[in-house]
Amino acid sequence: MPVPFHLAFPVNDLETTERFYIDILGCSKGRSSDHWIDFDFYGHQVVAHLAPEETGEVAAGAVDGKNVPVRHFGAVLPWEEWERLAAHLTSHGINF
C-alpha cells in the first residue's frame, strides 16, 4: 500500500475548486478555511490554497506529443478504474 502524501497547490476560486474535487472527482472534503480546503484524493491529502496571483499563465512541455502543464499531479489508478473515471469526466464535458 502506498504511503499517503500531502500536496498543496494554488487556485483562483475555492468554490469552483470545491465543486470539481467533490462533485466531479468524488473526493471527500476535510478541514477548510476561507483560504484553503483539504481533500482526500485517492487516500492522499491535497490542499487547494486560494492564491490567484500564482494561477496565471503556466509553463508547459511536450509529453507524448502533447503540451502538458509543468505544474500538475494525478493519481495512478488500476486500468478499469481509470476507464470509469475517464468516462465520468467526459460525461461532464471535462477536457483532459
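Summarising the geometry of Ala48 relative to Thr17, their closest heavy-atom pair is CB-CG2, 3.7 Å, with the distance given to 0.1 Å. Across Pro69 and His72, no two heavy atoms sit closer than the pair O-ND1, 2.6 Å. Among all heavy-atom pairs drawn from Trp36 and His49, the shortest one is CB-ND1, 3.6 Å. The shortest non-hydrogen separation linking Cys27 to Asp40 is CB-O, 3.3 Å. Between His44 and Pro4, the shortest heavy-atom distance links the atoms ND1-CA, 3.3 Å. Residues Leu89 and Ile24 share a closest heavy-atom pair of CD2-CG2, 3.5 Å.
Salt-bridge check for Arg84 with Glu80: failed, with every basic side-chain N at 4.0 Å or more from each acidic carboxylate O.
Between Leu25 and Phe20 the shortest side-chain heavy-atom distance falls below 4.5 Å. Annotation: side chain of Arg71 is in contact with side chain of Pro10 (closest heavy-atom distance under 4.5 Å). Residues Phe41 and Gln45 are not in side-chain contact: their nearest non-hydrogen atoms beyond the backbone lie 4.5 Å or more apart. The side-chain heavy atoms of Ile22 and Phe39, taken from C-beta on, include a pair separated by under 4.5 Å. Contact annotation: the side chain of Phe73 approaches that of Val46 to within less than 4.5 Å [non-hydrogen atoms, C-beta and beyond].
Atoms CG and NE2, on Leu50 and His35 in that order, are 7.5 Å from each other to the nearest 0.5 Å.
Other residues, nucleotides and ligands contribute only 12 or fewer heavy atoms inside 6.0 Å of the CD atom of Glu15.
Side-chain atoms of His92 come within 3.5 Å of backbone atoms of His88 as a donor-acceptor pair (strictly under, hydrogens ignored). Put simply, the side chain of Thr16 never gets that close to the backbone of Asp13: no donor and acceptor are under 3.5 Å apart.
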Side chain to side chain contact (heavy atoms under 4.5 Å, CB included) evaluation trace for Asp38 with Lys29:
CA-CA 6 Å; Asp38 287 348; Lys29 181 178 173 181; over 6 Å; no
So Leu77 and Leu85, side chain to side chain contact (heavy atoms under 4.5 Å, CB included) or not? Walk me through it.
CA-CA 9 Å; Leu77 303 172; Leu85 176 60; 3.8 Å; yes
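Taking hydrophobic clusters as Ile, Leu, Val, Met, Phe, Trp and Tyr residues chained together by side-chain heavy-atom distances below 4.5 Å, Leu7 shares a cluster with Leu14.
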